[in-house]
There are 2 protein chains.
Amino acid sequence: MENNRYKNIPHKTIERLSQYRRALQIAAEKGKTNIFSHEIAALLHITAVQVRRDLMLIGYSGSLRKGYDINDLIHLIGELIDSPKGQKVAIFGMGDLGRAIINYFQGKREKLQITVGFDINPEKTNRKIAGIPCYHLEKITEIISNEGIKIGILTVPGDQADETVRLMVEAGIKGILNYTPTPVEVPDDVYLEEYNMISSLEKVAFYVKEKG
Amino acid sequence: MENNRYKNIPHKTIERLSQYRRALQIAAEKGKTNIFSHEIAALLHITAVQVRRDLMLIGYSGSLRKGYDINDLIHLIGELIDSPKGQKVAIFGMGDLGRAIINYFQGKREKLQITVGFDINPEKTNRKIAGIPCYHLEKITEIISNEGIKIGILTVPGDQADETVRLMVEAGIKGILNYTPTPVEVPDDVYLEEYNMISSLEKVAFYVKEKG
DNA sequence: TCCATTTTGTTATTCATTTAACAGTGCAAA
DNA sequence: TTTGCACTGTTAAATGAATAACAAAATGGA
Ligand SMILES: NC(=O)c1ccc[n+]([C@@H]2O[C@H](COP(=O)([O-])OP(=O)(O)OC[C@H]3O[C@@H](n4cnc5c(N)ncnc54)[C@H](O)[C@@H]3O)[C@@H](O)[C@H]2O)c1
Ligand SMILES: NC(=O)c1ccc[n+]([C@@H]2O[C@H](COP(=O)([O-])OP(=O)(O)OC[C@H]3O[C@@H](n4cnc5c(N)ncnc54)[C@H](O)[C@@H]3O)[C@@H](O)[C@H]2O)c1
């Protein structure tokens, strides 16, 4: 049962591993082949201890004199985070934010591609938007199952969030990234990540006020 | 020194208070005047205990029989989070994401308004974009100080993040919301909040893979 | 009148994450 | 050789946050 050898890695560590990889790729492009924990730490503005602890958790060992082998580490993080065959992603709501995200992701990650979008506005459906086909939401079950999509990004208006999520789950989506301000609920076998931009900005505003 | 009576409120509580307020405003619009902790909890899909604990921390008491007075609570959260006179926000990088955010925020929060943008592309500067004036970045010190802006949202390309933040801090910005994938560093008296969309999506992808 | 019910407010406990402490190792220079 | 240095890997402690436990209060009904 080697299936779950990474089961007890903290969520925050998973996030950082993704960031380590990005930083390592940039370093590799500059011709660097090895890197110390304190160098990685400096790039992300965290501590070297945290970096070493994270790498310990995924079982990677560096060399005492040269630090970590950048290519090996990039590869190992990929093995952990990525699916070998890659994963397709669908986006729900082709408005300002949806389109910005699609443009942003184009060619960003080889193993994670936004391949279809859904909307209900007839001016947006049945054509390509930002380079990907946009379907009417009523086609959701057909498309999601044909394409084998498991991940969805939610960028519909807030008052549509609950109903759209219901349909997504019904269609077989197993992971949702919710950018609407409406908290949603999903069954246990669906992974949910929510981000509320207004809360974030109000938090910044609060601490600015407090510090001043 | 009653200045810092809210100093020891957890960061996560601040975020939730912002979300409580949104939910309460929606409830108020529907004509509801009172609400129980478990009702608020159901709206955000969290526990009633957490709601009560958060409200305890800001010193708000409900009535045993009627729960919380919605208008009172909205008002109190506003007193805590908002600045009485309101705060202006500047956005750096008027690209896809920057414009989406501006459109999104229009009229969303009375006490938090995005009033100016900065860019370096001559086609974007010295005119209005998405309803707000866009200046060249070289005007940063002048505009930021004239308008008394303390909060900035960063949506420039990743490789411009460090330099832009340096200029923002120099110009007097005290709170930064960084949406670039590049972690940045700020002095102690500047509050920094970072959000990396790719890490979030990779995290979702990872847990989808693991659960399957 | 008093008991059962429902809900609040608060303290105690558990869980998650970060930070600190430190032993072990390989290399370089003395 | 040996000593000092600059790292890594791991365990221990501290901090932060969520959850559980429970006393106190108010109401309505037995
Ligand atoms: N724009 C931003 O910067 C921003 C930031 C944070 C959060 N958000 C949130 O993201 C969501 C979208 O924001 P936006 O600015 O792109 O809005 P938008 O109005 O530009 O886009 C919404 C899109 O969803 C489509 N839509 C409506 N109902 C739908 C349904 N039931 N199924 C599928 N598609 C549907 C609309 O036709 C439209 O194309 C909102 O919930 C908003 O609160 C936006
Ligand atoms: N588009 C998205 O959905 C999305 C999501 C998450 C993060 N991001 C990040 O947000 C940032 C912007 O993304 P985007 O899609 O809007 O890119 P974009 O290319 O559309 O916009 C970038 C804007 O910044 C301007 N700019 C460049 N250098 C500048 C400088 N030094 N000072 C001020 N302005 C400058 C450009 O002229 C352009 O208008 C990027 O760092 C990206 O990684 C974007």
Side-chain angles (χ1 to χ4, degrees), chain A residues 6-20 24 32-70 72-73 76-77 183 191-194 196 199 203 206-207, chain B residues 5-20 24 27 32-70 72-73 76-77 183 191-194 199 203 206-207 210:
Chain A
Y6 295 131
K7 252 319 169 0
N8 38 9
I9 297 180
H11 285 214
K12 292 284 179 71
T13 294
I14 298 293
E15 284 177 24
R16 278 191 299 270
L17 287 169
S18 160
Q19 295 175 238
Y20 295 161
L24 291 169
K32 224 167 141 59
T33 60
N34 291 85
I35 195 166
F36 294 120
S37 62
H38 62 81
E39 291 179 295
I40 298 178
L43 291 169
L44 304 226
H45 302 114
I46 59 177
T47 69
V49 181
Q50 180 127 79
V51 173
R52 290 204 300 277
R53 212 178 189 297
D54 285 338
L55 298 188
M56 183 192 85
L57 290 172
I58 64 171
Y60 184 67
S61 286
S63 108
L64 208 37
R65 199 62 193 167
K66 292 178 164 183
Y68 304 95
D69 181 298
I70 292 183
D72 279 4
L73 189 46
L76 180 62
I77 294 175
Y191 183 84
L192 174 68
E193 179 85 17
E194 308 199 305
N196 186 322
S199 297
K203 189 177 167 192
F206 171 76
Y207 285 107
Chain B
R5 72 181 153 138
Y6 294 130
K7 249 324 166 0
N8 38 8
I9 298 180
H11 286 211
K12 291 286 179 71
T13 295
I14 298 293
E15 285 177 24
R16 278 192 299 269
L17 287 169
S18 161
Q19 295 176 240
Y20 295 160
L24 291 169
K32 223 167 142 60
T33 61
N34 291 84
I35 196 165
F36 295 121
S37 62
H38 63 81
E39 292 179 295
I40 298 178
L43 291 170
L44 304 225
H45 303 114
I46 59 176
T47 68
V49 181
Q50 180 124 78
V51 173
R52 291 204 299 278
R53 211 179 189 298
D54 285 338
L55 298 187
M56 181 194 87
L57 291 172
I58 64 170
Y60 184 68
S61 286
S63 110
L64 210 37
R65 199 59 194 171
K66 292 177 163 182
Y68 305 95
D69 181 298
I70 291 182
D72 279 4
L73 189 46
L76 181 61
I77 293 175
Y191 183 84
L192 173 67
E193 179 86 16
E194 308 199 304
S199 296
K203 189 177 166 190
F206 171 76
Y207 285 107
E210 288 300 293

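Per chain, numbering begins at 1; letters A, B, ... match sequence-line order.
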message: Could you go through Ile46(A) and Tyr20(A), starting from their C-alpha distance and side-chain angles, then the distance that decides it, and tell me whether this counts as side-chain contact (heavy atoms from CB on, under 4.5 Å)?
response: CA-CA 11 Å; Ile46(A) 59 177; Tyr20(A) 295 161; 3.6 Å; yes
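The aromatic rings of Tyr207(B) and Tyr191(A) lie parallel to each other, with less than 30° between the two planes, well short of the 60° mark.
Ile35(A) has its CD1 atom 10 Å from the P atom of dT8(D), to the nearest Å. Going from atom CZ of Arg52(B) over to atom C1' of dA25(D) covers 13 Å, rounded to whole Å. Residue Leu57(B) contributes atom CG, which lies 11 Å from atom C1' of dG9(C) at whole-angstrom precision. In this structure, Ile9(B) atom CD1 and dA17(D) atom P are separated by 12 Å, rounded to whole Å. If you take CD of Gln50(B) and P of dT8(C), they are 15 Å apart, rounded to a whole angstrom. Note: CG (Asn34(A)) to P (dT8(D)) measures 11 Å, nearest angstrom. Computed from coordinates, the Met56(A) CE to dG24(C) P distance equals 17 Å when rounded to whole Å.
Considering only side-chain atoms of Lys12(B), the nucleotide from dT18(C), dG26(C), dA18(D) that sits closest is dA18(D).
Along DNA chain C, the nucleotide nearest Pro10(A) and the nucleotide nearest Arg65(A) are compared for position; the residue whose nucleotide lies closer to the 5' end is Pro10(A). Take the nearest nucleotide of DNA chain C for Val49(B) and for His38(B): the residue whose nucleotide is more 5' is His38(B). Residue whose closest nucleotide on DNA chain D sits further toward the 5' end, between Arg53(A) and Tyr60(A): Tyr60(A).
When the side-chain nitrogen and oxygen atoms of Arg16(A) are compared with OP1 and OP2 of dT18(C), one or more of them lie within a distance under 4.0 Å.
At a threshold of 4.5 Å between non-hydrogen side-chain atoms, the residues Glu15(A) and Phe206(B) do not count as touching.
Ser61(A) comes within 4.0 angstrom of sugar-phosphate atoms only, judged by non-hydrogen atoms across all strands, and of no base.
Checked by atom type and distance alone, the side chain of Gln50(A) never pairs as donor or acceptor with a backbone atom of Thr47(A) at under 3.5 Å.
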